[in-house]
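Working notes, beginning with the structure itself.
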Amino acid sequence: MSKRLFVIYTGGTIGMTATASGYAPEAGYLPRELEKIAASHPGFPAYTLKEYAPLIDSSNLQPSHWNQIVADIEANYPEYDGFVVIHGTDTLAYTASALSFMLDNLSKPVIVTGSMVPLCETPNDAEQNLVDAFMWACDDNLSEVAIAFNRQLMRGNRARKLSGSDINAFGTPNYPILGRVHGERELNQALVAIKSSFAFKAHPIRPDLRIAGLKLYPGFSASLIAGLLSTPLDGLVLETYGAGNVPDYDPALLAALTEASKRGTVIINCTQCPSGRVAMGHYAASSALGKAGLVSGGDMTVEAAITKLYALLSQSPDLVSVRERAALNLRGEVSLDNA
């Protein structure tokens, strides 16, 4: 039986064309080019494409756009075998992470892709990424949100954009790739999510939630951080040093974090290192954070932590439950020994 895919084209470099002011999105261009690609590849699956209007430069992406994508997937879920989301690369990892938490009990693949070079240029990485994404979206062994990029398949909530210029722009530093295309498609079945037997359900998020990210650096001002935390924040991802460390000689910082946590701000401690994990209590410089009420992010990416906060805080007003679930492995986003 032939597969039928639903394709959402949100925008991004992949479908831009050259103008006097630089690359810019052109409505209708990618759908036309995709028809040519499909015709030139035997066995290309049938698909229905929805092009967003206006097209979204991914640097302009907002949480409300995640709701739009999820609503389109939910509305078409019964009729299609898989889904492809074509997206700009700047915030692609955020969207893939968000979708992983917003789409519950998936039994079909949702593949996110984009490109570093637009289709209008030769050579480009756009055509191959599209072909790979469509083929992975037909795979009966996949039932999660994944990213197809540069011949690799990556778990969506483990991926990060690691380069602003290289074709090999995405990686999953704390998790192996799920698969690759090396002559033929190779899927590591031991790593992919188990297909759910429960009914699919979509969970929209609240775009009005006040979620912030903060990266520590030598010389930061505790008063500035205290000022930020005095704002009624719903959630904060704190990017700390190494294995989750902060200056333990700074009582003002710890007091600000403690007070914010008591006021109801859910704070996740993530390492600012590209790879590795938070281990609160491993060093004295991090042990106080647990007492301050922070949640260990383990080896979660910052992108996953931020979108996880959006999802959890949208689904439950119970902060005790949110803090507990923030540390758990919900969609393969954090290693079990790190949670």
Side-chain angles (χ1 to χ4, degrees), residues 7 9-16 18 22-23 30 33-34 37 41 57-59 61 84-100 109-139 142 144-192 239 270-277 299-307 332-333 335:
V7 182
Y9 171 40
T10 68
T13 295
I14 193 168
M16 291 184 177
Y23 291 120
L30 184 138
E33 292 301 304
L34 188 55
I37 293 171
H41 287 80
D57 186 306
S58 70
S59 60
L61 186 94
V84 175
V85 179
I86 304 171
H87 198 286
T89 60
D90 283 348
T91 54
L92 189 149
Y94 286 95
T95 292
S97 294
L99 295 182
S100 77
V110 177
I111 310 298
V112 188
T113 196
S115 74
M116 298 299 288
V117 181
L119 274 167
C120 66
E121 295 291 344
T122 303
N124 65 68
D125 62 329
E127 180 170 349
Q128 191 63 70
N129 286 349
L130 285 169
V131 172
D132 288 347
F134 274 68
M135 294 301 105
W136 285 119
C138 295
D139 197 315
L142 278 171
E144 63 178 285
V145 179
I147 293 172
F149 214 92
N150 193 40
R151 314 315 311 266
Q152 295 185 330
L153 185 73
M154 295 161 271
R155 174 161 291 160
N157 57 33
R158 289 285 193 161
R160 307 199 74 179
K161 187 175 182 182
L162 302 176
S163 173
S165 57
D166 291 346
I167 296 299
N168 188 29
F170 287 85
T172 53
N174 285 327
Y175 199 74
I177 61 171
L178 301 180
R180 63 175 185 167
V181 183
H182 190 67
E184 59 183 28
R185 285 184 297 115
E186 301 172 356
L187 182 67
N188 190 333
Q189 194 63 53
L191 294 176
V192 300
E239 294 186 56
C270 285
T271 176
Q272 57 187 247
C273 299
S275 63
R277 65 185 181 93
D299 61 355
M300 268 193 296
T301 66
V302 171
E303 294 88 340
I306 287 174
T307 55
E333 76 281 2
S335 299

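From a predicted model like this one, the values you see are computed outputs, not experimental measurements. The first residue of the sequence shown is numbered 1, and numbering continues consecutively from there. Side chains included, hydrogens not; waters and symmetry mates left out as well; all remaining heavy atoms used.
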Can you tell me how far CD1 of Ile111 sits from CG of Leu153, rounded to the nearest 0.5 angstrom? 5.5 Å
For Asn150, side chain to side chain contact (heavy atoms under 4.5 Å, CB included) partners two or more places apart: Ile167, Asn168
Just by modelled atom types, is the Leu130 backbone N or O under 3.5 Å from a matching donor or acceptor in the Thr113 side chain? no
Supply the atom-to-atom distance Tyr94 OH to Thr301 OG1, rounded to the nearest 0.5 angstrom. 8.5 Å
Spacing of CZ belonging to Arg185 relative to SG belonging to Cys138, to within rounding of 0.5 Å: 7.5 Å
Could you grab the distance from atom CD of Gln152 to atom CE of Met154, nearest 0.5 Å is fine? 5.5 Å
Excluding sequence neighbours, so at least two apart, what forms side chain to side chain contact (heavy atoms under 4.5 Å, CB included) with Leu162? Arg160, Pro173
Restricting to side chain to side chain contact (heavy atoms under 4.5 Å, CB included), what partner residues turn up for Ser59, sequence neighbours left out? Asp57, Asp90
Flag, side chain of Thr95 to backbone of Leu92, donor-acceptor distance under 3.5 Å: no
Roughly how far apart are Ile177 CD1 and Leu191 CG, rounded to 0.5 Å? 9.0 Å
As a test of understanding, state which of Thr10, Val112, Leu30 forms a side chain to side chain contact (heavy atoms under 4.5 Å, CB included) with Ile86. Leu30
Mind checking the CE-CG spacing from Met300 to Asn174? Nearest 0.5 Å is all I need. 11.0 Å
